[in-house]
Asker: 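Can you read through this structure? Questions will come right after.
Values below: every heavy atom of this structure, side chains too, minus hydrogens, waters and symmetry copies.
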Amino acid sequence: MTKSSEETAPAKSAPDPAAEPPGEARRMTRRGWTLVVSGALFLIFVVLGSVVPVPFVAISPGPTYDTLGRDAAGNPVIQVTGHETHPTTGELRMTTVSLHDGVTLFQGLGFWASGRYALAPREEYFKPGETNEQVKQENIQQLQDSQTNAQVAALRKLGYPIKVLAKQIVSGSPADHVLSPGDKLITVNGKKIVEAADVRAALTGTLPGQTVQITFQSDGQPERTVPLTLAARPDRKEGFIGLTAVDRADAPFTVNISLQDVGGPSAGLMFTLAIIDRLQPGDLAGGRHIAGTGEITETGEVDPIGGISFKVVGAREAGATDFLVPEHNCAEAKSNVPAGLNLIKVSTLDDALTQLGNLKAGRPTASC
């Protein structure tokens with residue numbers, strides 16, 4: 001046998017004229033570029049849709065709170081010091097809406113598809129350049145004002161006297177450096193001041209430059225009567241003193257409202273009813289689960305609020321069977337009322353008390 005001492009080398013083939021020259025990258029086809037660009041755009045869309053907020057907010061039913069019950073810390077929502085309180089049954093539940101800011105495109109689509117949320121332009125809830133913290137502080141101030149109005153409306157209804165105080169003094173006005181916030185107003189221009197609206201009414205027919213007498217009392221001091229020369233303002237013909245007056249209950253006891261992490265003015269009606277229920281016998285709710293909403297004025301008018309279509313849903317989910325609705329919110333409330341919830345139309349505190357009495361006695365109520 002004979003062994004070969006080396007392998008036979010393969011024959012060299014002729015160069016392919018269609019082949020790319022050595023070292024030159026293959027050019028990407030149009031289809032390849034289309035796929036790359038489309039993929040990049042899709043990735044950018046996904047990132048932006050997941051991260052960048054859109055100019056909308058999402059609104060949904062918020063938590064509800066029994067004003068006859070206790071807050072998250074276990075304290076009574078309505079706290080009375082220096083006066084007898086009376087037992088109550090049932091619930092007088094205030095309602096809220098939840099506002100979700102910083103919504104991204106994908107979150108917004110998810111909210112919308114859920115059917116539980118509504119999207120609204122952010123500018124309807126936030127002023128240009130306004131931050132979340134500023135809105136929060138405004139809502140807290142509105143809640144505090146509603147609590148004060150509720151106390152005044154409730155105690156006025158119960159027959160306690162009302163005093164009128166100077167709330168704000170306009171810098172540089174005739175009242176500046178003469179009166180201070182908290183001073184009790186007794187007479188203006190010879191007219192007795194019984195409620196805050198009397199201050200403006202007392203100046204009817206006066207002119208800028210005219211001098212009027214104002215009688216007031218600072219805390220712990222004797223009454224004083226001083227002359228004020230009225231100033232001019234472009235929005236009115238009569239003279240201008242330069243103060244904002246508010247009603248306050250003049251009762252020998254204190255009422256405090258304890259509720260955290262809630263803002264806005266719309267709980268006023270339910271606070272008012274709960275104060276009355278605590279201070280007088282009678283048990284307004286009568287064992288029923290009643291919810292409601294409405295801004296209350298110091299004189300007991302019930303003003304309309306926003307978000308009623310979400311509030312009725314939140315109330316029903318919390319077990320309410322009856323809902324007190326401001327008269328001007330009735331049409332919107334009816335458009336989204338859940339099954340099993342009785343809508344009761346009210347326009348004043350007296351209306352609300354009458355309708356609660358009807359419920360307790362089994363009589364028909366004023367329906368939206």
Side-chain angles (χ1 to χ4, degrees), residues 64-65 67-68 78 90-97 142-143 145-160 162 194-198 200-201 246-247 249 257 264-277 279-280 282-286 288-316 320-338 341-368:
T64 65
Y65 304 89
T67 56
L68 296 177
I78 304 299
E91 296 179 350
L92 292 173
R93 189 167 286 275
M94 57 164 284
T95 52
T96 69
V97 295
Q142 289 177 340
L143 176 67
D145 290 343
S146 77
Q147 292 173 347
T148 300
N149 288 354
Q151 294 177 35
V152 173
L155 297 183
R156 189 197 299 267
K157 179 63 182 175
L158 293 175
Y160 291 96
I162 299 298
V194 178
E195 59 183 48
D198 292 340
R200 177 73 181 267
V246 292
D247 293 339
I257 300 176
S266 64
L269 172 61
M270 304 311 289
F271 286 146
T272 305
L273 294 172
I275 293 170
I276 292 174
D277 210 9
L279 289 176
Q280 73 171 10
D283 191 16
L284 294 180
R288 301 178 70 93
H289 289 197
I290 300 167
T293 188
E295 186 174 354
I296 195 83
T297 69
E298 295 168 333
T299 53
E301 285 78 28
V302 179
D303 291 336
I305 47 76
I308 186 72
S309 59
F310 297 99
K311 291 180 177 181
V312 293
V313 172
R316 187 68 185 114
T321 55
D322 303 277
F323 193 102
L324 301 176
V325 183
E327 181 177 5
H328 294 293
N329 287 127
C330 267
E332 184 183 356
K334 286 173 63 177
S335 68
N336 200 45
V337 58
L341 187 65
N342 174 39
L343 300 183
I344 303 173
K345 177 176 65 177
V346 298
S347 58
T348 66
L349 173 58
D350 285 345
D351 284 347
L353 292 170
T354 297
Q355 297 309 317
L356 290 179
N358 289 341
L359 271 179
K360 190 174 179 181
R363 295 188 294 264
T365 55
S367 181
C368 278

Asker: Taking C-beta and beyond as the side chain, do Ile290 and Leu273 meet within less than 4.5 Å on heavy atoms?
Answerer: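 Result no, sub-4.5 Å side-chain heavy-atom pair not found.
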Asker: Please round to the nearest 0.5 Å and tell me the distance separating atom CZ of Phe310 and atom CD of Glu332.
Answerer: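 Reported to 0.5 Å precision, the distance equals 8.5 Å.
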Asker: Looking at CD of Glu295 and CG of Asp145, how far apart are the two atoms once the value is rounded to the nearest 0.5 Å?
Answerer: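 Nearest 0.5 Å value for the CD-CG distance: 9.0 Å.
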Asker: So, taking the atom named CG in Leu269 and the one named CE in Met94, what distance separates them when rounded to the nearest 0.5 Å?
Answerer: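 Answer for the CG-CE pair, Leu269 versus Met94, is 11.5 Å.
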Asker: Could you tell me which residues satisfy salt bridge (Lys or Arg N to Asp or Glu O under 4.0 Å) with Asp322, sequence neighbours excluded, listed by chain and number?
Answerer: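 If we apply the salt bridge (Lys or Arg N to Asp or Glu O under 4.0 Å) test to Asp322, skipping adjacent residues, the hits are Arg288.
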Asker: Identify every side-chain donor-acceptor pair in residues 360-368 under 3.5 Å, counting partners at least two apart or on other chains, and give the distances.
Answerer:
{"from": "Lys360", "atom 1": "NZ", "to": "Gly282", "atom 2": "O", "distance (Å)": "2.3"}
{"from": "Lys360", "atom 1": "NZ", "to": "Asp283", "atom 2": "O", "distance (Å)": "3.0"}
{"from": "Arg363", "atom 1": "NE", "to": "Asn358", "atom 2": "OD1", "distance (Å)": "2.9"}
{"from": "Arg363", "atom 1": "NH2", "to": "Asn358", "atom 2": "OD1", "distance (Å)": "3.1"}
{"from": "Thr365", "atom 1": "OG1", "to": "Asn342", "atom 2": "ND2", "distance (Å)": "3.4"}

Asker: I need the minimum non-hydrogen distance between Val152 and Ala249, along with the two atoms involved.
Answerer: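 Between these two residues, the closest heavy atoms are CG2-N, 3.9 Å.
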Asker: Minimum heavy-atom separation for Ala333 and Val325, please, with both atom names.
Answerer: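 Answer, listing the atom of Ala333 first, then Val325: CB-CG1, 4.1 Å.
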Asker: Measure the spacing between OG1 of Thr64 and CZ of Arg316 and express it to the nearest 0.5 Å.
Answerer: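 If we round to the nearest 0.5 Å, Thr64:OG1 and Arg316:CZ are 12.5 Å apart.
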Asker: With heavy-atom distances below 4.5 Å as the criterion, would you say the side chains of Ser146 and Asn149 are in contact?
Answerer: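 Of all side-chain heavy-atom pairs linking Asn149 with Ser146, none is under 4.5 Å.
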Asker: Work out which heavy atom in Gly268 is nearest to a heavy atom in Ala150; give both atom names and the distance.
Answerer: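 Looking at all heavy atoms of both residues, the closest pair is O-CB, 3.7 Å.
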Asker: Would you say Thr67's side chain and Leu92's backbone share a donor-acceptor pair under 3.5 angstrom?
Answerer: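 Yes: the side chain of Thr67 pairs with the backbone of Leu92.
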Asker: Determine whether a donor-acceptor pair (N or O, by modelled atom type, separation under 3.5 Å) exists between the side chain of Asp277 and the backbone of Leu284.
Answerer: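 Yes.
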Asker: For Asp350, which residues count as a salt bridge (Lys or Arg N to Asp or Glu O under 4.0 Å) partner, sequence neighbours excluded?
Answerer: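 Once residues adjacent in sequence are excluded, the partners of Asp350 under the salt bridge (Lys or Arg N to Asp or Glu O under 4.0 Å) criterion are Lys157.
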Asker: Hey, is the main chain of Ser266 close enough, under 3.5 Å, to the side chain of Thr293 for a donor-acceptor pair?
Answerer: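 Yes, the answer is positive, given that a donor and an acceptor are paired below the 3.5 Å cut-off.
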Asker: If you look at every heavy atom in Gln142 and Gly264, which pair is closest and at what distance?
Answerer: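 Smallest heavy-atom distance, with atoms named: OE1-CA, 3.6 Å.
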Asker: Checking side-chain contact (heavy atoms from CB on, under 4.5 Å) against Leu343, which of Asn329, Leu324, Val312 comes through?
Answerer: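 Result for side-chain contact (heavy atoms from CB on, under 4.5 Å) with Leu343: Val312.
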Asker: Please give me the minimum heavy-atom distance between Thr348 and Val302, naming the atom from each residue.
Answerer: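 Where Thr348 meets Val302 most closely, the heavy atoms are C-CG2, 3.6 Å.
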Asker: If every non-hydrogen atom of Ala154 is compared with every non-hydrogen atom of Ile275, which pair is closest and at what distance?
Answerer: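 Scanning both residues completely, I find the closest heavy atoms to be CB-CG2, 3.7 Å.
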Asker: Given side chains that start at C-beta, do those of Lys311 and Phe323 come closer than 4.5 Å, heavy atoms only?
Answerer: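 Side-chain contact under 4.5 Å: yes.
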Asker: Quickly, which of Glu298, Arg156, Glu195 forms a side-chain contact (heavy atoms from CB on, under 4.5 Å) with Ile162? Name it, please.
Answerer: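 One option only clears the test, and that one is Arg156.
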